[in-house]
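Lettering follows sequence order; numbering is per chain, from 1.
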Amino acid sequence: MKILFFGTPKFAEIILDGLLEKGFDVVGVVCQNDKPAGRGNKIQTPHIVEFAKERNIAVCQFEKLSLHIDDFKKIDYDIAVTASYGKFLPKALLDLHPCINVHPSMLPKYRGATPIQTALLNGDNITGVSIMETGVGMDDGDIFVQKEVEILPEDDYSTLIEKLALVGLELLAQTLEKIGNGTAKKVPQDEKNATTVKLIQKEDALLDFSKSAESQVNKVRAFCEDPVAFFFLGDDRIKVYKARVAEDFEGEDGQVIPNKKRFLIKTSNGVFEILKCQMQGGKVLDAKSFLNGYRFKTLVVGV
RNA sequence: CGCGAGGUAGAGCAGCUCGGAAGCUCGCCGGGCUCAUAACCCGGAGGUCACAGGUUCAAAUCCUGUCCUCGCAA
């Protein structure tokens, strides 16, 4: 069975890697265009392009898929697999061959682009992965199979995406085999219980210590790769990569609790402890190193 | 040429404006105190001040170029 793979970011790459590992015949990878990004606005190529080329897999990058239906007609494939491709697939393309999607949530819960972050933000203990038909709507296709995955307190976006991708890979492999031998079954989603996640804005990552410590730790966990939770201390913008809820300390809400060894901030409910953070222009540091060199000009957290 | 910050002991920083013997907080090694400690006290090792030129009697500090790291914006 010849597979055409659609996907761009890390989640997609892990799945692609696994498919190849399992010996599936991936005839090509379709991903988003190169874009100017980062310092100096240099053109950035998606990492998966490099990955695919190293393995001699053809790569297509199209700005608008709907303009390239004829190109897809020329590609010899039996089924398309999508994983975090990032854009809707036009009906004309879906009509060419069957298409299935890997989605990191227990659909119909958390349809949309940010299911993993949303689960972490909400402090969920359970999430999951679903394999379903790719439709023209947003993550609303019939489901072949899904499986729950536990979210541990120490999980963050980095660890969870890895877990979900690996589980997704297994489910995907099973589903592809069933489709291959004609035993695949699918059931429609329960529209009544459908929820949609919202896109992440940069301002969502601003920490708010008038909220509970736990909720802000969840923010750190959800955004640890991007856009990274942050707050202001005077003029300094500090990004927080890792944090936890600490035992209680005396202190004023929204202020840093003076402590030589630990970076603690009192919230309205609980103490927020920073374990890994970064100043503008600086490296990512563990709290101890940060405190060794940082000179506090204020203990009051800005907004 | 999008805007900006920075490269100083193993780590994190100060010193640079106004050139003139390398400092702070940790870590490490040794010793002391303590029932005890992430506590405290004493002592010690460890640095071509990113690299290359230039100015100067003298450069971490001023000038020029190179390399590297990072923040913002998109």
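Per the geometry, CZ belonging to A:Phe263 stands 15 Å off C1' belonging to B:rU25, to the nearest Å. Residue A:Gln201 contributes atom CD, which lies 16 Å from atom P of B:rC72 at whole-angstrom precision. In this structure, A:Asp226 places its CG atom 13 Å from C1' of B:rA74, rounding to the nearest Å. In this structure, CZ of A:Phe296 is placed 13 Å from C1' of B:rC13, rounded to the nearest angstrom. In this structure, A:Phe230 atom CZ and B:rA73 atom C1' are separated by 13 Å, rounded to whole Å. Regarding A:Phe232, its CZ atom lies at a distance of 11 Å from the C1' atom of B:rG71, rounded to whole Å. Summarising the geometry, the separation between CG on A:Asp236 and C1' on B:rC70 is reported as 14 Å, rounded to the nearest angstrom. A straight line from CD of A:Glu203 to P of B:rC72 spans 15 Å, rounded to a whole angstrom.
Comparing A:Arg262 and A:Gly282 along RNA chain B, the residue whose closest nucleotide (by nearest heavy atom) sits nearer the 5' end is A:Arg262. Projected onto RNA chain B by closest heavy-atom contact, A:Gly40 and A:Met279 fall at different nucleotides, the more 5' of which corresponds to A:Gly40.
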Give every pair of a protein N or O atom and an N or O atom of nucleotides 66-68 of chain B that lie under 3.5 Å apart, one pair per line with the distance.
none

Write out a two-atom table: protein N or O, nucleotide N or O from nucleotides 39-41 of chain B, distance below 3.5 Å.
none

Are any protein N/O atoms closer than 3.5 Å to N/O atoms in nucleotides 9-12 of chain B? If there are, list each pair with its distance.
from, atom 1, to, atom 2, distance (Å)
B:rA11, O2', A:Ser289, OG, 3.2
B:rG12, OP1, A:Lys283, NZ, 2.8
B:rG12, O2', A:Ser289, O, 2.9
B:rG12, O2', A:Gly293, N, 3.4
B:rG12, N2, A:Asn292, O, 3.2

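Every pair passing salt bridge (Lys or Arg N to Asp or Glu O under 4.0 Å) that includes a residue from residues 290-300 of chain A is listed here, sequence neighbours excluded: A:Asp236-A:Lys297. Applying the salt bridge (Lys or Arg N to Asp or Glu O under 4.0 Å) test to residues at least two apart or on different chains, the pairs with a partner in residues 124-143 of chain A are A:Lys109-A:Asp124, A:Glu133-A:Lys186. Judged as a salt bridge (Lys or Arg N to Asp or Glu O under 4.0 Å), the pairs with a partner in residues 56-66 of chain A (not counting sequence neighbours) are, in order, A:Glu63-A:Lys87.
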Throw together a table of side-chain donor-acceptor distances under 3.5 angstrom for residues 155-164 of chain A, partners on residues two or more places apart or in other chains.
from, atom 1, to, atom 2, distance (Å)
A:Asp155, OD1, A:Thr159, OG1, 2.7
A:Asp155, OD1, A:Lys163, NZ, 3.3
A:Asp155, OD2, A:Leu152, N, 2.8
A:Asp155, OD2, A:Lys163, NZ, 2.7
A:Asp156, OD1, A:Ser158, N, 3.0
A:Asp156, OD1, A:Thr159, N, 3.1
A:Ser158, OG, A:Glu225, OE2, 2.7
A:Thr159, OG1, A:Asp156, N, 3.0
A:Thr159, OG1, A:Asp156, O, 3.1

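Checking B:rU48 for Watson-Crick or G-U wobble geometry (two distances, each under 3.5 Å) identifies no partner in any strand. Across all strands shown, B:rA39 remains unpaired; no Watson-Crick or G-U wobble contact has both distances below 3.5 Å. When Watson-Crick and G-U wobble pairs are counted only if both distances are under 3.5 Å, B:rA9 pairs with no nucleotide at all. When both pairing distances are held under 3.5 Å, B:rG53 makes a Watson-Crick or G-U pair with B:rC63. Base pairing of B:rG4: its partner is B:rC70, meeting the Watson-Crick or G-U wobble criterion (both donor-acceptor distances under 3.5 Å). Within the shown strands, nothing qualifies as a pairing partner of B:rA22 under the Watson-Crick or G-U definition with both distances less than 3.5 Å. Nucleotide B:rC33 has no partner under the Watson-Crick or G-U criteria, as no pair reaches both atom distances under 3.5 Å. B:rA14 is unpaired under the criterion used here, namely a Watson-Crick or G-U wobble arrangement in which both key atom distances are under 3.5 Å.
Classification of A:Lys242 and A:Glu273 as a salt-bridged pair fails, no side-chain N sitting under 4.0 Å from a carboxylate O. Contact check on A:Lys74 versus A:Asp70 returns no salt bridge, with no Lys/Arg side-chain nitrogen under 4.0 Å from an Asp/Glu carboxylate oxygen.
Shown here are the side-chain hydrogen bond (donor to acceptor under 3.5 Å, both in side chains) partners of A:Asn125, two or more places apart in sequence or in another chain: there are none. When the side-chain hydrogen bond (donor to acceptor under 3.5 Å, both in side chains) test is applied to A:Thr127, no partner is found at least two apart in sequence or on another chain. Contacts of A:Phe249 classified as side chain to side chain contact (heavy atoms under 4.5 Å, CB included), with partners at least two apart in sequence or in another chain: A:Glu247, A:Ile257, A:Asn259, A:Arg262, A:Leu264, A:Val271.
A gap of 7 Å separates the P atoms of B:rA39 and B:rG27, to the nearest Å. Straight-line distance between the C1' atoms of B:rC16 and B:rC49: roughly 11 Å, to the nearest whole Å. Rounded to whole Å, the separation between the C1' atoms of B:rC70 and B:rG53 comes to 27 Å. The gap from the P atom of B:rC41 to that of B:rU37 amounts to 16 Å, rounded to the nearest Å. B:rA14 sits 14 Å from B:rC26 when the C1' atoms are compared, rounded to a whole Å. As rounded to the nearest Å, B:rC63 and B:rU56 have C1' atoms that lie 12 Å from one another. To the nearest whole angstrom, the two P atoms, one in B:rA60 and one in B:rG20, are 10 Å apart. Nucleotides B:rG10 and B:rG19 are separated by 30 Å at their C1' atoms, to the nearest Å.
Distances shorter than 4.0 Å separate none of the side-chain N or O atoms of A:Gln278 from OP1 or OP2 on B:rC70. Residue A:Arg39 places at least one side-chain N or O closer than 4.0 Å to OP1 or OP2 of B:rG71.
When hydrophobic residues (I, L, V, M, F, W, Y) are linked wherever their side-chain heavy atoms come within less than 4.5 Å, the members clustered with A:Tyr241 are A:Val228, A:Val284. Clustering of Ile, Leu, Val, Met, Phe, Trp and Tyr by side-chain heavy atoms under 4.5 Å joins A:Phe62 with A:Leu4, A:Phe6, A:Val27, A:Val30, A:Leu65, A:Ile69, A:Phe72, A:Ile75, A:Tyr77, A:Tyr85, A:Leu89, A:Leu93, A:Leu94, A:Leu96, A:Val136.
Between the side chains of A:Asn101 and A:Thr82, a donor-acceptor pair is found at a separation under 3.5 Å. Side chain to side chain, A:Asn181 and A:Thr183 meet the donor-acceptor criterion of an N or O pair below 3.5 Å.
Counting only heavy atoms from C-beta outward, the side chains of A:Thr45 and A:Glu50 never approach each other to under 4.5 Å.
Heavy atoms of A:Lys288 sit under 4.0 angstrom from primed sugar atoms or phosphate atoms, though from no base atom. Nucleic acid contact for A:Lys42: none, since no nucleic acid atom lies under 4.0 Å from a heavy atom of the residue.
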